[in-house]
Amino acid sequence: MKVNVSYLGKEKGIADFSSLPSLILFCSRHGLDTTWSREEKTLFIDSPQKNRILLLTMEGGEDSDVLQETSCIMKELLKNSGIVLKTENDQQEYEGTGFHVHLKFTNSEDIVITCKKSEIIPVIQKHCRKTVSSRPYVFFKTDGAQQKSGPSICCEIPVNFNGLEEFLIQMQAAILEHFIGSSELLNWVGLETVVELFSSGSPEKKKKRQQKRTPDNRPAEVKPQVNAEGEAYFNYTIHPQSNNEKYTLITDLVIKNTGTAALHNPIVCIRVDPPAQVEIGGQILPPEMVEVLAVQGTEGAQGWQYANDDWLQEGYEKGVFWIRPIDTLSINPEEIGGIYQFHLNFDKLEKGTCTVEAFVYFREQDVTFKAMNDISFAF
């Protein structure tokens, strides 16, 4: 039986009824809420922060365009988050019920950020200090008493601060991180945006898109001997969660063509030992989600998908994940491709070592090789 799939209020495609458990698990890992409608035979996928309120109030700067500019920037930044922005006109109705940001534009040279709750300060410091390195006068403080009303964050900003846009971007990132904690949420920037940014390759590959081969009917010519060879390796960074009991590796599997012939359509096997120790997330789609979430480029769908329908069961039981391109993928000599920015999530090990390996197969050229490095961790 086929069912409909709706993503952020838009019809995105159809899926098999039997695939719903895997779809729901996939969405859960990426911080997306799911609701099944028996009457409409539809799985609705939404942001968990849908209809959450952020109250924005401002003062000062009436003699400039800064208030209107700030309001426009904040609306745009929240567009894909599911959060509803309210302003001074709604303050009486929503004050104390949502997250309240108050911006005060002053003639001071200082930027002062006041937080109602002390636990917000480290998150604000983490993001906002990046934007004001050229302006060293940044102070953080708390209001002391845990008031039930009043702004959650109050920022005093110089009215002519030329770094306002970047400051607002970083402040909004800090607010979102405060909301979601350690959850792996892709929906804040739009899941489609993330897939589009990272599924098609590294930045240096943006201008070298996948190319579909066309038959060459010209007479055969004598050509130099060509060799089909390649290599692969992991690049990764580790991000501990706040309690240091769970960790996330942001991982690239880079595939390089070291031969003189183009390599076509790699099949990747990622093997985890022991099985079920590591969860894979990020930019790899289940087969049943390809029609719904795959980014459509000028030459077809882009990105990576699990190669078999029982990928979840095989991953947990055997520790093996088979992955292939959604559409045709070619890697020319001396160029690179690969799977970028996927996540390896694991809990802190009580004992022993966990290892992640990768193997790459190009069946058309009969080329096989193992990644030059493994990912191994123990505590």
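No donor-acceptor distance shorter than 3.5 angstrom exists from the side chain of Gln305 to the backbone of Met289, with no hydrogens or angles considered. With hydrogens and angles disregarded, a donor-acceptor distance shorter than 3.5 Å links the side chain of Thr260 to the backbone of Asn227. Using a distance-only test at 3.5 Å, with no hydrogens or angles considered, no donor-acceptor pair links the side chain of Asp16 to the main chain of Lys2. Without hydrogens or angle criteria, Asn257 side chain to Ile331 main chain gives a donor-acceptor distance under 3.5 Å.
Going from atom OG of Ser330 over to atom CZ of Phe362 covers 9.5 Å, rounded to the nearest 0.5 Å. Separation of atoms CG (Asn160) and OG1 (Thr106) is listed at 10.0 Å; rounding is to 0.5 Å.
Tested against Trp304, the residues Leu253, Leu329, Leu285 include a single side chain to side chain contact (heavy atoms under 4.5 Å, CB included) partner, Leu329.
Between the side chains of Asn345 and Thr248, at least one donor N or O lies within less than 3.5 Å of an accepting N or O. Checking His343 against Glu279 by side-chain atom types alone, no donor-acceptor pair falls below 3.5 Å. In summary, the side chains of Glu40 and Asn4 do not present any donor paired with an acceptor at a separation below 3.5 Å, with no hydrogens or angles considered.
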Give the intermediate values and the outcome of side chain to side chain donor-acceptor pair (under 3.5 Å) for residues Thr328 and His264.
CA-CA 7 Å; Thr328 301; His264 306 295; over 6 Å; no
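Screening residues 311-339 for ring-ring contact (aromatic ring centres under 6.0 Å, His included) gives Tyr306-Trp311, Trp322-Tyr361 as the qualifying pairs, with residues at least two apart or on separate chains. Listed by first and then second residue, the salt bridge (Lys or Arg N to Asp or Glu O under 4.0 Å) pairs that reach into residues 17-27 come to none, sequence neighbours excluded.
Summarising the geometry of Val3 relative to Phe17, their closest heavy-atom pair is CG1-CD1, 3.9 Å, with the distance given to 0.1 Å.
Between Phe346 and Phe377, the ring centre distance stays below 6.0 Å.
Residues Ile250 and Ile284 do not share a hydrophobic cluster, clusters being chains of Ile/Leu/Val/Met/Phe/Trp/Tyr side chains in contact below 4.5 Å.
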